[in-house]
Amino acid sequence: MRQPSPRMTLVLGGARSGKSLHAERLVEAHPAPWLYLATAQAWDDEMRERVALHRSRRSADWITRDVPIDLAEAVAAATGPVLVDCLTLWLTNLILSEADIEAASAALIEACDRAPGPVVLVGNEVGLGIVPDNALARRFRDAAGRLHQRLAARADHVVFMVAGLPMIVKPQPGAAA
Amino acid sequence: MRQPSPRMTLVLGGARSGKSLHAERLVEAHPAPWLYLATAQAWDDEMRERVALHRSRRSADWITRDVPIDLAEAVAAATGPVLVDCLTLWLTNLILSEADIEAASAALIEACDRAPGPVVLVGNEVGLGIVPDNALARRFRDAAGRLHQRLAARADHVVFMVAGLPMIVKPQPGAAA
Amino acid sequence: MRQPSPRMTLVLGGARSGKSLHAERLVEAHPAPWLYLATAQAWDDEMRERVALHRSRRSADWITRDVPIDLAEAVAAATGPVLVDCLTLWLTNLILSEADIEAASAALIEACDRAPGPVVLVGNEVGLGIVPDNALARRFRDAAGRLHQRLAARADHVVFMVAGLPMIVKPQPGAAA
């Protein structure tokens, strides 16, 4: 039996909290090349700009693949360090395509467990505001929370970003290792 | 003069952050039976489903009481470990019934102080999004923030849940006990 | 070359998380008089009430100045401990007056670096809810996140308030000083 990967990290935080940059630095601590699995689908100019900005920031040692849906397969095929950016847009894509979120989540976790190198996953924390009026937003919020919990339970490291700085959630600071 | 109870815990966090499950585990660390004070009023199917799910998860050693409004009285009448799930729905019920929130909060804190056994209270953190357009939502958000502050000032332990994992807020990690 | 000020603190948190009171206590740990730079513009009764409440709480050793826009100049002119309350309303004022946010942010950071005494800045964390429908709200959320990141990178101390209690974000708990 395989142990859970000792190199799985979950980077959570709000909008503009520095999640992606922090996650890139974590991956870049390992030998290149690094695989960037981008889940964003550039529906509009606002998104296209952001994707272009993120890409221009990354060095030539990054290989970028667009994986709006088939994330588990892409992680499973990785041979070195992987960055998943981000879970939130992946979930959005799954919901919009009416995919089976439970099955997709289970497959992603399985792929992370089997990955030969470190996997860093980025997710937006979206559950700390007033309950949304919109039923789809509530459904999305629930799905994101459940996915983050399942990944956090398997991850070796979980951080919560505040203003570009990581707060360590796991392993619990002060707890015996 | 009674000292503040040494066994009062406040479990805060966003939607789907694992608050209830963590709070149940904290209570179950004490000898059964455990009293579950449920403040949810099942207005719709979404809520009925959630209530049924939570209830089915709990063992037979839990005694469940529905207390949409009279929470202070129910805590005061407890003879062993108590879980209050959750403050957020209780506040909602108070606001909808035009009750005096200040008086109800003071009575709850007094009851927690006098409880003979440990009391664990669950609350949703709702103040970390954009300011809501809706005046009622802003009023609710203010009331929740004030109640959490008052309870946190009295509590021995306060945790902030992220993806199912507790971050210790109080006592402050690294501070002398 | 001047070193970054060793006495710059950023107090972040949600609505009604106790940010202002905590920030006042931090400033009051230094010798009076203390300068309170208030960025709120009292557009309506709700805001006027809150401003009056905050002001009535502060002792006579506080000198209050209203600076809806010219915050960098006001910080630069300070001769002792300063509290900026808050960045969020300042950013709102900048956006509404179509000011250059990048230039204003750079000027503020420069002023904080040069301040002769401690500077404590308060900001609302607004990026942890569902993505707002409203483009202006998204723009505001992005600007707030970027400003907080820039200030946090320079600050000696960053705290994230939960229910009136500070969680230490920087310096990282457990890390070597």
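Note on naming: letters A, B, ... go to the chains in the order of the sequence lines (proteins, then strands), and numbering restarts at 1 for each one. Everything numeric here is computed off the predicted structure, so don't read it as measured data.
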Close side-chain approach of C:Q172 and A:P173, heavy atoms under 4.5 Å: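 Side chain of C:Q172 against side chain of A:P173, heavy atoms only: no contact under 4.5 Å found.
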Min side-chain heavy-atom separation C:L128-A:F160 under 4.5 Å: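 With C-beta onward as the side chain, the pair touches.
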Counting heavy-atom pairs under 4.5 Å to chain A, which of C:L10, C:L151, C:D142 comes out on top?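 So the answer, after comparing C:L10, C:L151, C:D142, is C:D142.
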Least distance between heavy atoms, [X] atom then [Y] atom:
X	Y	value
C:R141	A:R16	O-CB, 4.4 Å
A:A163	C:H148	CB-O, 3.7 Å
C:V169	A:L165	CG1-CB, 3.7 Å
A:M167	C:M167	CE-CB, 3.7 Å

Heavy-atom count check: over 12 atoms from other residues, nucleotides or ligands less than 6.0 Å from [X] [atom1]?
X	atom1	value
A:E73	CD	yes
C:R48	CZ	yes
C:E102	CD	yes

Under the rule for side chain to side chain contact (heavy atoms under 4.5 Å, CB included), what residues qualify as partners of C:R55, not counting sequence neighbours?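 Per chain and number, C:R55 pairs via side chain to side chain contact (heavy atoms under 4.5 Å, CB included) with C:R58, C:T64, C:D66.
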Would you compute the distance between atom CG of A:N134 and atom CG of C:D133 and round it to the nearest 0.5 angstrom?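 Here the rounded value is 7.0 Å.
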CD1 on C:I130 to CG on A:N124, rounded to 0.5 Å: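 A:N124 atom CG to C:I130 atom CD1 measures 9.5 Å (nearest 0.5 Å).
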Please classify the contact between [X] and chain A as side chain, backbone, both or neither, with a heavy-atom cut-off of under 4.5 Å.
X	value
C:I168	backbone
C:L12	side chain
C:R150	neither

